[in-house]
Amino acid sequence: MPTYISRALACSLLIAASPVLVAQAGEDAPGLEIHKFGGLEMGYGTYAFPEKLDQTIVFPVANLTGGLAYQRFNLALNISGSVEDAEVSEEDFIGDASRQDLDITFGYQASDLLSLFIGYKSGETNLDLFVRDSATRATDYEYYRQSGPFAGINIGKSFANAGKLDFSVAYASLDTDNRFFGDGDGVEAGEMLEFDDIYGKTSGSSSGYSINLGWTIPMSGNLLFRSKLRYNSYRQDIRFGTARFGNVSEQSTMLLAGIIGVF
């Protein structure tokens with residue numbers, strides 16, 4: 001097997017399904033103790049917040065990835081976002097939605113099959129809104145922000161001439177900040193405050209899990225093809241004044257494919 005293909009196969013062990021990156025260097029690359037990698041992936045993402053949005057938002061996304069790997073340790077950065085706004089149509093408003101995410105991950109290759117990782121992530125969904133029942137076409141906006149640490153495990157299996165398959169599970173504990181659009185109805189006398197009555201800025205916490213499935217295969221030279229599917233499911237605890245709304249569901253998915261270079 002030519003050297004450049006052998007190196008690509010060895011370096012493919014550096015790349016696992018996001019968010020973990022396996023850091024086992026190839027034996028055919030002596031002296032290259034620190035490996036660098038970077039690339040671009042494209043695909044589609046979804047975002048669902050059923051308590052506030054009747055529809056699931058769907059938008060095209062791009063992900064920039066890069067990092068370092070040293071022996072059994074690695075550090076990875078992912079920056080992703082919607083490349084085109086998604087249309088939103090609700091009972092009280094119409095508008096456009098966008099999404100941005102960032103995560104930084106530190107991983108350790110515990111064995112040929114198992115990796116452990118910890119990291120920090122943040123995400124934000126923004127909605128620019130036009131109020132339906134306004135003669136002046138009034139505008140407003142909402143945002144849903146989350147940030148905090150996560151930890152998880154990755155199981156990876158390499159196959160001869162077929163690349164590497166990875167499956168990872170992570171748990172995250174996040175702080176949340178939201179701003180909700182007020183429809184002006186308010187709470188009438190004798191009524192209980194409902195989630196739809198929340199307006200303005202709120203804070204709270206969120207926790208849940210993410211599942212990632214990825215496949216990486218060497219192409220030529222130091223280039224690799226990677227595809228991955230990520231699913232996040234969180235439950236928010238939102239505070240609004242003296243009221244508290246628990247177990248508020250929030251989900252997102254991302255399907256990506258792209259080219260990674262290892263150097």
How long is the span from the [atom1] atom in [X] to the [atom2] atom in [Y], to the nearest 0.5 Å?
X	Y	atom1	atom2	answer
Phe59	Thr46	CZ	OG1	7.0 Å
Leu114	Ile155	CG	CD1	6.5 Å
Ser122	Asp101	OG	CG	7.5 Å
Leu255	Met42	CG	CE	12.5 Å
Thr216	Lys164	OG1	NZ	7.5 Å
Arg99	Ser82	CZ	OG	9.5 Å

With a 4.5 Å cut-off on side-chain heavy atoms, are [Y] and [X] touching?
X	Y	value
Leu213	Ile211	no
Ser98	Gln100	yes
Asp96	Asn126	no
Phe245	Asp237	no
Tyr47	Thr56	no
Phe181	Phe93	yes

> For the side chain of Glu90 and the backbone of Asp54, is there at least one donor-acceptor N/O pair under 3.5 Å apart?
Replying inline: yes
> Distance-only, no hydrogens or angles: does the Asp103 side chain make a donor-acceptor pair with backbone N or O of Tyr120 under 3.5 Å?
Replying inline: no
Go through the side-chain N and O atoms of [X] and [Y] and say whether any donor and acceptor fall under 3.5 Å apart.
X	Y	answer
Gln236	Asn247	no
Asp177	Ser203	no
Asn232	Glu250	no
Gln146	Thr176	no

Heavy-atom pair with the smallest gap, counting every atom of [X] and [Y]:
X	Y	answer
Leu256	Val61	CD2-CG2, 3.6 Å
Leu127	Ala97	CG-CB, 4.1 Å
Ala86	Ile57	CB-CG2, 3.4 Å
Gly261	Leu223	CA-CD2, 4.0 Å
Leu40	Ala62	CD1-CB, 4.3 Å
Ser115	Gln109	OG-OE1, 2.8 Å

Angle between ring planes, [X] versus [Y], binned at 30° and 60°: parallel, tilted or perpendicular?
X	Y	result
Trp215	Phe225	perpendicular
Tyr108	Phe73	tilted
Phe180	Tyr144	tilted

Could you see if [X] belongs to whatever hydrophobic cluster contains [Y]? Use Ile, Leu, Val, Met, Phe, Trp, Tyr and a side-chain cutoff under 4.5 Å.
X	Y	value
Leu75	Leu102	yes
Leu129	Val58	no
Tyr209	Phe167	yes
Ile238	Leu53	yes
Met254	Tyr44	no

>> Check this for me: Gln55, atom CD, are more than 12 non-hydrogen atoms of other residues, nucleotides or ligands nearer than 6.0 Å?
In response: yes
>> Could you check whether atom OH of Tyr171 has more than 12 heavy atoms from other residues, nucleotides or ligands sitting under 6.0 Å from it?
In response: yes
> Phe150 and Ser173: side-chain contact (heavy atoms from CB on, under 4.5 Å), yes or no, with the steps?
Replying inline: CA-CA 6 Å; Phe150 62 88; Ser173 179; over 6 Å; no
> Where do Ser210 and Tyr231 land on the side-chain contact (heavy atoms from CB on, under 4.5 Å) test, with the steps shown first?
Replying inline: CA-CA 5 Å; Ser210 63; Tyr231 171 74; over 6 Å; no
>> As a quick check of understanding, evaluate side-chain contact (heavy atoms from CB on, under 4.5 Å) for Phe37 and Asn222, giving each step before the final call.
In response: CA-CA 9 Å; Phe37 59 89; Asn222 291 336; over 6 Å; no
> Can a cation-pi geometry be assigned to Arg179 and Tyr141, taking NZ or CZ under 6.0 Å from the six-membered ring centre and within 45° of the ring axis?
Replying inline: yes
>> Out of the candidates Asn78, Asn63, Thr65, only one should pair with Glu41 under the side-chain hydrogen bond (donor to acceptor under 3.5 Å, both in side chains) rule; please name it.
In response: Asn63
>> For a side-chain contact (heavy atoms from CB on, under 4.5 Å) check, start with the C-alpha distance between Ile259 and Met219, then their side-chain angles and the critical distance, and finish with the verdict.
In response: CA-CA 9 Å; Ile259 305 299; Met219 296 175 59; 3.3 Å; yes
> Mind checking who shares a hydrophobic cluster with Tyr234, ILVMFWY linked at side-chain heavy-atom distances under 4.5 Å?
Replying inline: Leu174
